[in-house]
Amino acid sequence: MTSVALLAAGLSACGSDDPTDAAPAAGSAAAFPAVIEHKYGTTTVPAEPKRIVVVGLVEQDALLALGITPVATTEWWGEQPGAIWPWAKDELGGNPVPQVLKPTDGIEIEKVLALDPDLVLGVYSGMTKEEYEKLSARVPTVPEPKGVIDFGASWQELTRVVGAAVGKTAEAEKVISDIEARFAAARQANPAFADKVAAVVTYYQGIYVYGSQDARGRFLKDLGFRLPDGLDALTGTEFGVTLSPEKTNLVDTDVLVWLIDDYAKDRASIHANPLYATLKVKSEARDVFLENGEVLGAATSFITPLSLPYLLDNLVPQMATAIDGDPATEVKRAPRQ
């Protein structure tokens, strides 16, 4: 697969016989102490962290993009070694694979602390105030940003927060600007996306639509699409909503991206749904189906500065095919990873 190495800015440019000069630059001492605001107040990181534990779901990618490998990550799904997906393996390189935490009922506080971390990151998480207080009493802990719903931090905000916490603010901005340039190129190459309506959905107790406070909804907006009218009123303070049957026409969009578990079985079942079968999005083949277990389907949910180049390279062409509204135009699936 294609993997784009996001090089951190600010690496040493001067020659030296010291072999450590080839390693990624450490956080600048001038960046510490770093004071980070969040939903529970502020956290001070006194010095460059050496042992970082990720209790959020995706922060490992932001760290890897900045040349840092955490000692532990938290598994969302997929059972990837170290919770590192293929799009990030180049950035992991030969560094030790992180230990994986597999919480089933909130953050495993004791297991986290047993790793002797000097920084805990839960920016893309649902960290409770009680969990924050238990962790922060022992180690600098960064939970969700202020004013953001649980699991609602954008990839840009997450990258900035992680960059500040590890003393690499300038490098984080470079990572962000590089990805935003790729979005700009995708919009320029696909003018048909501009102001058209799109949505990302899955099948959960009916048709579940991701809204504007979710990474999947933001991805569509960054490509120039609009989300369905009235969707935000339905999602409220949640990142998505299951549509009632009478609201099915909300997904009769110019492009509809489905996240499913089994391509053949689930696609056939959805197309056979009598309510869905009446929509133009189905009759004009404007829907794109991705399996959650495949790399492209995973990248559509696991949106980070490392997954986005892969997502832009592989999902955008499928969406460009689907938007033409011609059932005869085949939407070709990306190679299975």
Here the pair of heavy atoms bringing Val251 nearest to Leu256 is O-CD2, 3.7 Å

If I take atom CG from residue Leu101 and atom OG1 from residue Thr74, how far apart are they, to the nearest 0.5 angstrom? 4.5 Å

Mind jotting down which residue pairs meet the ring-ring contact (aromatic ring centres under 6.0 Å, His included) criterion with at least one end in residues 58-77? Sequence neighbours excluded, please. Trp76-Phe302, Trp77-Trp85

Can you check side chain to side chain contact (heavy atoms under 4.5 Å, CB included) on Val257 and Val200, steps first, answer last? CA-CA 5 Å; Val257 178; Val200 178; 4.1 Å; yes

Under the side-chain hydrogen bond (donor to acceptor under 3.5 Å, both in side chains) rule, what pairs show up with a residue in residues 97-126, not counting sequence neighbours? Glu108-Lys111

Using the salt bridge (Lys or Arg N to Asp or Glu O under 4.0 Å) rule, collect all pairs that involve residues 124-137, keeping only residues at least two apart or in two chains. Glu130-Lys134

Evaluate the side-chain proximity of Leu64 to Thr69: yes if any heavy-atom separation is below 4.5 Å, no if none is. yes

Would a single hydrophobic cluster contain both Val54 and Val123, if residues Ile, Leu, Val, Met, Phe, Trp and Tyr are joined by side-chain heavy-atom contacts under 4.5 Å? yes

Tell me, which pairs form a ring-ring contact (aromatic ring centres under 6.0 Å, His included) where one or both residues lie in residues 185-204, sequence neighbours left out? Phe193-Phe225

Please say yes or no: joined through hydrophobic side-chain contacts below 4.5 Å, possibly via intermediate residues, are Ile68 and Val139 part of one cluster? no

Closest heavy-atom pair and its distance - Ile149, Thr237: CG2-O, 3.2 Å

Report yes or no: do Leu231 and Leu223 belong to one cluster of Ile/Leu/Val/Met/Phe/Trp/Tyr joined by side chain heavy-atom distances under 4.5 Å? yes

With Thr278 via side chain to side chain contact (heavy atoms under 4.5 Å, CB included) - residues at least two apart: none

Flag yes if more than 12 heavy atoms outside Glu75 fall under 6.0 Å of its CD atom; otherwise flag no. yes

How many angstroms lie between OG1 in Thr300 and CG in Leu296, if you round to the nearest 0.5 Å? 5.0 Å

Nearest-0.5 Å distance, CD1 of residue Ile52 to CG of residue Leu63: 5.0 Å

Tell me, please, which residues at least two apart from Lys265 pass side chain to side chain contact (heavy atoms under 4.5 Å, CB included). Asp262

Considering all heavy atoms, the nearest Ala165-Leu121 contact: CB-CD2, 4.3 Å

Just by distance, do the side chain of Thr43 and the backbone of Pro140 share a donor-acceptor pair under 3.5 Å? no

Check whether any side-chain N or O of Thr253 sits under 3.5 Å from a backbone N or O of Val255 as a donor-acceptor pair, and report yes or no. yes

Would you find a donor on one side and an acceptor on the other, under 3.5 Å apart, between the side chain of Glu284 and the backbone of Asp254? no

Are the side chain of Thr202 and the backbone N or O of Tyr208 linked by a donor-acceptor pair below 3.5 Å? no

Nearest heavy-atom approach of Ala164 to Ala34 is O-CB, 3.5 Å

Are the side chain of Arg51 and the backbone of Val71 linked by a donor-acceptor contact shorter than 3.5 Å? no

Donor-acceptor contact below 3.5 Å, side chain Asn95 vs main chain Leu92: yes

Please check if the side chain of Tyr310 supplies one atom and the backbone of Val295 the other of a donor-acceptor pair under 3.5 Å. no

Distance-only, no hydrogens or angles: does the Asp252 side chain make a donor-acceptor pair with backbone N or O of Leu279 under 3.5 Å? no

Side chain to side chain contact (heavy atoms under 4.5 Å, CB included) evaluation trace for Arg182 with Leu308: CA-CA 9 Å; Arg182 293 187 66 126; Leu308 280 168; over 6 Å; no

Are the charged groups of Asp178 and Lys174 less than 4.0 angstrom apart, N to O? yes

To the nearest 0.5 Å, atom CD of Glu173 lies from atom CD of Glu171 at 10.5 Å

Within the structure provided, determine whether Lys39 and Met127 are in side-chain contact (heavy-atom separation under 4.5 Å). no

Only one of Thr321, Ile323, Leu315 passes side chain to side chain contact (heavy atoms under 4.5 Å, CB included) with Met319; say which it is. Leu315

For Leu115 and Ala72 the tightest heavy-atom approach is CD1-CB, 3.5 Å

If you draw a 6.0 Å radius around CD in Glu246, do more than 12 non-hydrogen atoms from other residues or ligands fall strictly inside? yes

What distance do Ile84 atom CD1 and Gln60 atom CD have between them, rounded to the nearest 0.5 Å? 5.0 Å

Check Trp155 against Ile303 and note the closest heavy-atom contact, atom names and distance. CB-O, 3.9 Å

Please report the interatomic distance OH(Tyr132) to NE2(His38), rounded to the nearest 0.5 Å. 3.5 Å

Where at least one partner belongs to residues 53-70, residue pairs that pass salt bridge (Lys or Arg N to Asp or Glu O under 4.0 Å), sequence neighbours excluded: none

For Ala192, does its backbone N or O pair with a side-chain atom of Asn190 as donor and acceptor, under 3.5 Å? no

With clusters built from Ile, Leu, Val, Met, Phe, Trp and Tyr whose side-chain heavy atoms come within less than 4.5 Å, directly or transitively, what are the remaining members of the cluster of Val100, listed by chain and number? none

Tyr40 versus Glu144: any side-chain heavy-atom pair under 4.5 Å? yes

Going by the ring-ring contact (aromatic ring centres under 6.0 Å, His included) test, which pairs reach into residues 41-65, not counting sequence neighbours? none

Quick one: does Phe183's side chain get under 4.5 Å of Phe219's, heavy atoms only? yes

Count I, L, V, M, F, W, Y as connected when their side-chain heavy atoms are under 4.5 Å apart, and connections chain through other members. Are Val166 and Leu306 then in the same cluster? yes

Is a side-chain donor or acceptor of Thr73 paired with a backbone partner of Gly82 at a separation under 3.5 angstrom? yes

Phe239: which residues meet the ring pair (Phe, Tyr, Trp, His ring centres under 6.0 Å) condition with it, sequence neighbours left out? none

Identify whether Val288 and Val197 are in the same connected component of the hydrophobic contact network (ILVMFWY, side-chain heavy atoms under 4.5 Å). no

By side chain to side chain contact (heavy atoms under 4.5 Å, CB included), which residues pair with Ser212, not counting sequence neighbours? Lys221, Leu227, Asp232

Run the side chain to side chain contact (heavy atoms under 4.5 Å, CB included) test against Arg138 and tell me which residues pass, sequence neighbours left out. Leu113

If you define the side chain from C-beta out and look only at heavy atoms, does anything of Phe32 sit under 4.5 Å from Pro49? yes

Can you tell whether the side chains of Arg267 and Asp287 come within less than 4.0 Å, N to carboxylate O? no

I would like to know whether Ile270 and Lys282 meet side chain to side chain contact (heavy atoms under 4.5 Å, CB included); could you show each step before the answer? CA-CA 9 Å; Ile270 290 164; Lys282 190 269 180 184; over 6 Å; no

Leu250 versus Leu234: any side-chain heavy-atom pair under 4.5 Å? yes

